[in-house]
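In what follows, chains carry the letters A, B, and so on, assigned in the order in which the sequence lines appear, proteins first and then strands, with residues in each chain numbered from 1.
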Number of protein chains: 2
Amino acid sequence: MARTVKGGSDARRERWKGHREARRAEFVEATIRAVAKHGPDVGMDEIALEAGVSKPVLYRHFADKSDLYLAVGRRGTDMLMDRLGPAIEQDGPIRDRIRGIVDAYLRVIEENPNLYRFVVRGSFTDRPVEQDVVTEDKALIAATLARLLGDYLRAFDMDSGGAEPWAHALVGMVQNAGDWWLDRQSMSRQSLSEYLATIIWHAIDGLLRSADVHVDPDQPLPGGLFTEPTLRLINSEEA
Amino acid sequence: MARTVKGGSDARRERWKGHREARRAEFVEATIRAVAKHGPDVGMDEIALEAGVSKPVLYRHFADKSDLYLAVGRRGTDMLMDRLGPAIEQDGPIRDRIRGIVDAYLRVIEENPNLYRFVVRGSFTDRPVEQDVVTEDKALIAATLARLLGDYLRAFDMDSGGAEPWAHALVGMVQNAGDWWLDRQSMSRQSLSEYLATIIWHAIDGLLRSADVHVDPDQPLPGGLFTEPTLRLINSEEA
DNA sequence: AAGTAACCGTTACCTTAAGTAACACTTATT
DNA sequence: AATAAGTGTTACTTAAGGTAACGGTTACTT
């Protein structure tokens with residue numbers, strides 16, 4: 001009986017699993033190259049050409065344009081998180097760590113300005129909001145920061161209601177300052193990191209002071225705070 | 001001689017000046033309605049239909065889609081600046097004024113969420129960056145804040161090099177927190193304003209403290225600072 | 001060895017939405 | 001009366017995303 005089709009684990013079906021992934025990655029790379037060449041408004045034809053295939057091949061691997069762009073975005077996410085993760089987990093004086101995190105972010109966008117602009121500015125009109133990589137990333141980072149801040153505040157018996165808005169505020173702050181800097185690089189990356197770290201530190205310090213907690217910015221934090229597992233990037237469950 | 005054509009001030013040419021403006025405004029309104037109805041991906045046909053005309057009429061008043069959207073954006077700019085201007089110029093304790101400015105912004109996006117999302121998210125892929133209303137607005141507000149902050153810092157003989165990045169940081173901060181809040185309104189506008197004002201105040205206060213300047217957040221500023229003409233929104237020269 | 005499930009790849013087409021051409025009518029100024 | 005502005009229409013062109021239909025290759029299954 002030809003019952004092989006239904007449900008059976010035909011090896012022919014599995015055979016390609018890895019390959020498909022590799023191919024997608026290959027097309028994502030091609031897209032990035034195409035964007036570098038033709039600017040952010042590349043067409044699918046040009047991307048296909050750059051990849052050395054014709055359009056339908058592309059469409060076998062990506063449902064549509066946004067799907068491809070989404071993959072490009074995720075690729076950017078990976079690059080970002082690979083840098084941000086370690087920067088967040090690093091120990092040392094709190095002031096330096098803030099600067100380290102900010103600087104890690106700025107380094108990523110400095111090294112990939114085209115990709116960055118493409119992913120951020122190109123954010124797809126047609127996809128539902130939850131499928132927007134930039135929104136996703138910001139939400140992920142903000143959630144991590146919110147948890148961090150919240151724990152921090154609660155450890156000092158302070159109201160932690162502000163943790164979430166503050167986290168989003170911090171994310172927006174760094175992003176927007178980064179955008180501005182990327183467009184007209186009128187100061188060194190180090191200076192900007194320093195300036196941003198300064199203002200962030202003052203904000204945090206101010207919150208603590210208002211509860212009469214005094215922290216030395218140049219000393220590592222006591223009691224394992226800021227180095228707990230919660231500080232790692234919270235895993236978002238994705239399909 | 002039929003020399004009336006060239007350069008002469010034929011009244012027939014002037015006759016419509018006002019009318020054209022009115023018509024553009026009318027179409028901008030129609031676009032906003034159409035967006036409310038059909039979501040941010042409206043087509044020109046639908047917009048034309050909503051305006052009660054057919055497409056070519058639209059194209060007599062707007063060079064292309066982005067031109068129309070740009071006009072919609074500027075309309076948003078006006079609404080925003082109308083609120084932000086007075087909020088910035090208001091006097092009173094500095095802490096309250098910060099909250100007032102933030103709250104003015106939040107009120108605008110709260111009252112026009114659809115328009116806001118359309119203008120911000122829809123930001124045109126095809127126009128050059130300088131024609132992006134959102135970027136323009138943010139730059140304008142940031143420039144105003146930068147000048148404000150710079151004057152402030154210089155008045156206390158402090159390094160004012162951070163004024164510009166800080167200004168952009170503040171703008172991004174409020175915008176991003178606002179976006180987050182708009183999507184899931186998990187707290188009252190007042191609470192958010194308060195939280196944001198708190199962190200901003202702490203940031204500023206921290207900067208001043210680091211130069212041994214102590215300011216009472218609940219007292220009006222001395223010496224006319226923060227109420228000078230520079231505080232008004234800087235005029236951007238537009239074509 | 002034959003069949004087949006997955007892929008590779010192409011050309012030529014469909015569809016949608018932005019934008020335009022060509023045409024006819026209105027109104028107040030010259 | 002001529003004309004410069006504007007009003008408006010239908011029917012078209014164009015560009016870009018996306019698809020249909022075709023044929024070939026590889027290696028697992030029977």
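Between Arg23(B) and dT7(D) there is a side-chain N or O to OP1 or OP2 distance below 4.0 Å. In this model, the phosphate group of dT7(D) is approached by a side-chain N or O of His61(B) to a distance below 4.0 Å at OP1 or OP2.
Summarising the geometry, the separation between CZ on Arg20(B) and P on dA4(D) is reported as 17 Å, rounded to the nearest angstrom. For the pair Lys65(A) NZ and dA16(D) P, the computed distance is 9 Å after rounding to whole Å. Rounded to an integer number of Å, the gap from CG of Leu58(B) to P of dG6(D) is 15 Å. If you measure from atom OH of Tyr59(B) to atom P of dT7(D), you get 17 Å, rounded to the nearest angstrom. dA16(D) atom P lies 16 Å from atom CG of Leu68(A), rounded to whole Å. Distance Leu49(B) CG to dA18(C) P: 14 Å, rounded to the nearest Å. At whole-Å resolution of the value, CG in Asp67(A) and C1' in dG17(D) are 14 Å apart. What separates CD1 of Ile47(A) from P of dG18(D) is a distance of 11 Å, to the nearest Å.
With sequence neighbours left out, Asp45(A) forms a salt bridge (charged side-chain N to carboxylate O under 4.0 Å, His left out) with Lys55(A). In this structure Ser186(B) satisfies the side-chain hydrogen bond (donor to acceptor under 3.5 Å, both in side chains) test with no other residue, sequence neighbours excluded. In this structure Glu46(B) satisfies the salt bridge (charged side-chain N to carboxylate O under 4.0 Å, His left out) test with no other residue, sequence neighbours excluded. In this structure Lys138(B) satisfies the salt bridge (charged side-chain N to carboxylate O under 4.0 Å, His left out) test with no other residue, sequence neighbours excluded. With sequence neighbours left out, the side-chain hydrogen bond (donor to acceptor under 3.5 Å, both in side chains) criterion links Ser191(A) to Ser188(A).
Under the 4.0 Å criterion applied to side-chain N and carboxylate O atoms, Arg107(B) and Glu110(B) are not assigned as salt-bridge partners.
Between the side chains of Asp64(A) and Tyr59(A), not a single donor N or O lies within less than 3.5 Å of an accepting N or O.
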Name the atoms and distances for all side-chain donor-acceptor pairs under 3.5 Å in residues 29-37 of chain B, with sequence neighbours left out.
unit_1, atom_1, unit_2, atom_2, d
Glu29(B), OE2, Arg75(B), NH1, 2.4
Thr31(B), OG1, Phe27(B), O, 2.8
Arg33(B), NE, Glu50(B), OE2, 2.9
Lys37(B), NZ, Glu50(B), OE1, 2.7

Would you list the atom pairs, donor with acceptor, under 3.5 Å between side chains in residues 192-199 of chain A and any protein atom, with sequence neighbours excluded?
unit_1, atom_1, unit_2, atom_2, d
Ser193(A), OG, Asp103(A), OD1, 2.5
Ser193(A), OG, Arg189(A), O, 3.0
Glu194(A), OE1, Arg99(A), NH1, 2.8
Glu194(A), OE2, Arg95(A), NH2, 2.5
Tyr195(A), OH, Asp159(B), OD2, 3.2
Thr198(A), OG1, Arg95(A), NH2, 2.9
Thr198(A), OG1, Glu194(A), O, 2.7

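Listed by residue number, there are no residues of residues 29-39 of chain A with a heavy-atom contact under 4.0 Å to DNA chain D.
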So which protein N/O to nucleotides 10-16 of chain C N/O distances come out below 3.5 Å?
unit_1, atom_1, unit_2, atom_2, d
dT10(C), OP2, Ser54(A), N, 2.8
dT10(C), OP2, Ser54(A), OG, 2.7

